Amino acid sequence: MWCPSVSLSVWANAWLAGSAAPDDVLDALSAWAPKHSVTAYDAAAAARTGLPWPDVIDAGVVSLLQTVRTAVRFGDRPSPGHSAIGVVLPIPGDVRGLRAGTRFQDDAIAAGEALIVYGPRSEAIGLIPEFEYDEVDDLDDDDRATEPCALAWTAYSLPANPTIEQMDLGEAEYSLKSAVRSAAEALGALQLGSAGGVDDPRGLVEQVLEANRHHRSPDNAPTRALQVLENAAHVDAIITVSAGLMPIGTQSSSEAQIASDALRPLESVVRSARMAAVNSILRSAWQG
C-alpha cells in the first residue's frame, strides 16, 4: 500500500502534531529516493508555501518539510475527526477528494496518488510526486538502472480545502474480508497455481509483500489500521500474482470472465480499505 504520498502524509502529519521528529520524516522519504525536490506549479501555490516564483528553483528535502509547515499555518489543532493532511489515491472513474476540471486532478490521476495540506481560510495546496531516473545513453533499455535517483514534488494551489470521504475503518475491514472470500472461491476454481510452470505462487505473493515491508508507520498509528493495511497489502499481492499467472489461450471465455469479475471489485475494495486505514492513522496523531 505504501507510496510516497502516504509516507510523507503520515510522517509529516505526525511531525506537525508533535509525535514525530523531522528526521523521522526524512528517513521515511529516503526509502523512496536519495534526493527530493519541491517546486511550485503556480503563483498561488508559491504564495502559500514560500517557494520561489516566477523563477522555479528546485528546493531540497528540508525545504519540502518547510513547505508543508508553511502551507498549514494553523494556530489551533485540527477540528476533532480531522488532520492537517489528507491523501487521495485516484484512478480514472474514482476521483474522490479531487475537484473536477483542475490540473491538479489530471496530474494526480496520472500519478495515482497525491496529498493535500489543509491551510487557513481554505487555502489548501496539493503535492504530487514524480520519480526521476538517471539517463545513461550508452546502455540498452534492459541494462538501465530501475532505482530512482530522485523524487520531484510539485505544489499546486487548490481552490478550497477538499472534503475527503471518511470511510469507517470497521466497515472497510468487513468489506475487505467479505470480498476476499468471494474472490478466493472464484480464483481458486481457475487453478492458477499450476499456470506458467510456477510451483509456489504463495512464495511469489510473499516476495511482493516483502518489497514494501521496509516502510514504517508512525508510533501513533492504531493497531487496527495497521492490520487493515496488512490485509489489504496481502490481497493486493494476490491480485498482482494471479494476474501474472493467468494462462493465456488455455481458458474458456467463461473462466476468464469469472476471473475478471472476481478481481475487478476486489481492487476497489482494497483501495477503499487502504484509504480508511491511512485516514485513521492521520486522525490518530491529533487525538488525546
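Note that this is a predicted model, so its numbers are computed, not measured.
Applying the salt bridge (Lys or Arg N to Asp or Glu O under 4.0 Å) definition to pairs two or more places apart or across chains, those involving residues 166-180 are Glu173-Arg224. For the ring pair (Phe, Tyr, Trp, His ring centres under 6.0 Å) condition, no pair includes a residue of residues 50-70, sequence neighbours left out.
Between the CG atom of Asp27 and the CZ atom of Arg216 there is a distance of 6.5 Å, given to the nearest 0.5 Å. Rounding to the nearest 0.5 angstrom, the gap separating the SG atom in Cys149 from the CZ atom in Phe131 is 11.0 Å. If you take CZ on Phe104 and CG on Leu158, they are separated by 5.5 Å, rounding to the nearest 0.5 Å.
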With side-chain hydrogen bond (donor to acceptor under 3.5 Å, both in side chains) as the criterion, how do Trp286 and Asn13 come out once you've worked through the C-alpha distance, each side chain's angles and the decisive distance to 0.1 Å? CA-CA 9 Å; Trp286 300 96; Asn13 182 69; 2.8 Å; yes
Report the C-alpha distance between His234 and Leu209 in whole Å, list the side-chain angles of each, state the deciding distance to 0.1 Å, and finish with yes or no for side chain to side chain contact (heavy atoms under 4.5 Å, CB included). CA-CA 7 Å; His234 190 83; Leu209 289 171; 3.4 Å; yes
Let me see the working for Tyr41 and Asp107 under side-chain hydrogen bond (donor to acceptor under 3.5 Å, both in side chains), right down to the final yes or no. CA-CA 11 Å; Tyr41 177 77; Asp107 291 351; 5.6 Å; no
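Hydrophobic cluster membership for Ile91: none, as no Ile, Leu, Val, Met, Phe, Trp or Tyr side chain comes under 4.5 Å of it.
Looking at heavy atoms from C-beta onward, Trp15 lies out of side-chain contact with Asp24 at the 4.5 angstrom threshold. Residues Val278 and Leu89 fail the side-chain proximity criterion, which asks for heavy atoms closer than 4.5 Å. With a 4.5 Å cut-off on side-chain heavy atoms, Ile281 and Leu226 count as touching. The shortest side-chain heavy-atom distance between Leu151 and Leu29 does not fall under the 4.5 Å cut-off. Between Pro4 and Glu113, some side-chain heavy-atom pair lies under the 4.5 Å cut-off.
Remark: Trp32 pairs with His215 by the ring-ring contact (aromatic ring centres under 6.0 Å, His included) rule, at least two apart or across chains. Under the side-chain hydrogen bond (donor to acceptor under 3.5 Å, both in side chains) criterion, Ser157 pairs with Asp42, sequence neighbours left out. With sequence neighbours excluded, no residue forms a side-chain contact (heavy atoms from CB on, under 4.5 Å) with Ser30.
A distance-only check finds no donor-acceptor pair linking the side chain of Asp236 to the backbone of Ala232 [under 3.5 Å].
The two residues Ala155 and Ala45 make their nearest non-hydrogen contact at O-CB, 3.4 Å.
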